[in-house]
Amino acid sequence: MRLCPSILSADFARLGEEIAVVQRAGADFLHVDVMDAQFVPNLTFGSIIVDACRKLTSLPLDVHLMVVEPMRFLEGFARSGADHLTVHLEAVGGADGARAAARAIRDRGLRAGIAIKPGTPIERILPVIPEIDIALVMTVEPGAGGQAFLPESPERIARVRAAIDEGEHDCLLEVDGGIGPATIARAASAGADTFVAGNSVFRSSEPGGAAAALKALREALKPVKAPGGAGGTQARRA
């Protein structure tokens, strides 16, 4: 069960301090949402922020490319210090494009992820699971933080978990969108093992701020048994 605070919700005037807090509090990865105002409506940041984060933390940098033509940007993000690169199935033209993207990412020594939007049939990601390291199921429509967890998400997560477990694939099942203490157990019970959380961490009203928010997320996960496919090799490679 891995927690990945998303810097999309961090205070960029205090970015180093914000990252240090979540690292000390036991974050597993640091999530970086890259948006180009074309694939999604909003515009965020590029590889220069990944480079800055690399200088600020030893946490694995989990970079999510919500961009058109993501293949153009793989080398730049790899050089800037990303550890994981996730591209969207919809942006690479389906399963064949996803396989090519995964190979290109792995060729650069990074973990390869494929993400899928809520409106895309989940069947489209299942054939590429044997060839990727991270399957990212969006639990909101990508493009903005602070959205509510979509109610159809657990069923979609469960179908990806079944495919991972049935094939005994070495693939993390990540979820992103609306993850907080009230929803994280639902996602975990459906089979997710890696959780991106932005507003619920960096904009938490918990006394103790982001550190307390991460603790609350861990507490919410305690009653949930870890997915059967989320051990062994995955734990060693994380």
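Without hydrogens or angle criteria, D28 side chain to C4 main chain gives no donor-acceptor distance under 3.5 Å. Judged by distance alone, the side chain of S189 and the main-chain N or O of R186 form no donor-acceptor pair under 3.5 Å. For R218 (side chain) and M1 (main-chain N/O), a donor-acceptor pair under 3.5 Å exists by modelled atom type. Looking only at distances, no side-chain donor or acceptor of E206 sits under 3.5 Å from a matching main-chain atom of A213. Between the S200 side chain and the I179 main chain, a donor and an acceptor come within less than 3.5 Å of each other. Side chain of T44 to main chain of M35: a donor-acceptor pair is present (N/O by atom type, distance under 3.5 Å, no hydrogens or angles).
Between G143 and P41, the closest heavy-atom pair is CA-CD, 4.4 Å. Considering all non-hydrogen atoms of both residues, H169 and A163 come closest at CD2-O, 3.5 Å. Nearest heavy-atom pair across S80 and F77 is OG-O, 2.8 Å. The minimum heavy-atom distance linking G178 with T183 is given by the pair O-OG1, 2.7 Å. The shortest non-hydrogen separation linking A190 to R161 is O-CB, 3.9 Å. When every heavy atom of I125 is checked against every heavy atom of A135, the shortest pair comes out as CD1-CB, 4.3 Å.
Transitive grouping of hydrophobic side chains (ILVMFWY, heavy atoms separated by less than 4.5 Å) keeps V196 and L221 in distinct clusters. Cluster annotation: V34 and F39 are assigned to distinct hydrophobic clusters (Ile/Leu/Val/Met/Phe/Trp/Tyr, side-chain heavy-atom contacts under 4.5 Å, transitive). Under a hydrophobic clustering in which Ile, Leu, Val, Met, Phe, Trp and Tyr are joined whenever their side-chain heavy atoms come within less than 4.5 Å, directly or via other members, V224 and L214 fall into the same cluster. A continuous path of Ile, Leu, Val, Met, Phe, Trp and Tyr side chains, each step under 4.5 Å between heavy atoms, connects L61 with F45, placing both in one hydrophobic cluster. Hydrophobic clustering places V32 together with V22 (ILVMFWY residues linked when any side-chain heavy atoms are closer than 4.5 Å, directly or through intermediates).
Between P5 and F202 the shortest side-chain heavy-atom distance falls below 4.5 Å. Between C53 and I19, the closest side-chain pair of non-hydrogen atoms falls below 4.5 Å. A heavy-atom distance below 4.5 Å is found between the side chains of I7 and I49. L110 places none of its side-chain heavy atoms less than 4.5 Å from the side chain of D83. Between L136 and V175 there is no side-chain heavy-atom pair separated by less than 4.5 Å.
Put simply, CD1 on I129 and CD on E166 are 10.0 Å apart, with the number rounded to the nearest 0.5 Å. Taken to the nearest 0.5 Å, the CZ atom of R54 stands 14.0 Å off from the OG atom of S47. Taken to the nearest 0.5 Å, the CG atom of L3 stands 5.5 Å off from the CG atom of L217. To the nearest 0.5 Å, the span separating CG on D193 from CD1 on I164 amounts to 7.0 Å. Between the CD atom in E174 and the CE atom in M138 there is a gap of 9.5 Å [rounded to 0.5 Å]. Atom CD1 in I105 sits 9.5 Å away from atom CD1 in I132 (nearest 0.5 Å).
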Using ring-ring contact (aromatic ring centres under 6.0 Å, His included), reason through H64 and H88 one step at a time and then give a plain yes or no.
CA-CA 8 Å; H64 178 192; H88 268 265; 5.0 Å; yes
Could you please spell out the steps behind the side chain to side chain contact (heavy atoms under 4.5 Å, CB included) verdict for F29 and I134?
CA-CA 13 Å; F29 305 150; I134 303 166; 5.9 Å; no
Start with the C-alpha distance between L65 and L74, add both sets of side-chain angles, then the distance that settles side chain to side chain contact (heavy atoms under 4.5 Å, CB included), and finish with yes or no.
CA-CA 9 Å; L65 299 182; L74 301 185; 4.1 Å; yes
Assess the residue pair R79 and D51 against the criterion (salt bridge (Lys or Arg N to Asp or Glu O under 4.0 Å)); give the C-alpha distance rounded to whole Å, side-chain angles, the decisive distance to 0.1 Å, and a yes or no.
CA-CA 8 Å; R79 288 182 178 178; D51 182 69; over 6 Å; no
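Exactly one residue among R103, R106, R111 makes a salt bridge (Lys or Arg N to Asp or Glu O under 4.0 Å) with D133. That residue is R106. Screening D62, N199, D33, D176 for a side chain to side chain donor-acceptor pair (under 3.5 Å) with S6, the sole residue that qualifies is D33.
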Distance-only donor-acceptor hits, side chain of residues 116-124, under 3.5 Å, sequence neighbours excluded:
residue	atom	partner	partner atom	Å
T120	OG1	E90	OE2	2.7
E123	OE2	R159	NH1	3.2
E123	OE2	R159	NH2	2.9

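Residue pairs that meet the salt bridge (charged side-chain N to carboxylate O under 4.0 Å, His left out) test with at least one member in residues 138-156, sequence neighbours left out, do not exist here.
Salt bridge absent: K215 and E219 never bring a charged side-chain N and a carboxylate O closer than 4.0 Å.
Among residues two or more places apart in sequence or in another chain, the side chain to side chain donor-acceptor pair (under 3.5 Å) test is passed with D96 by R99.
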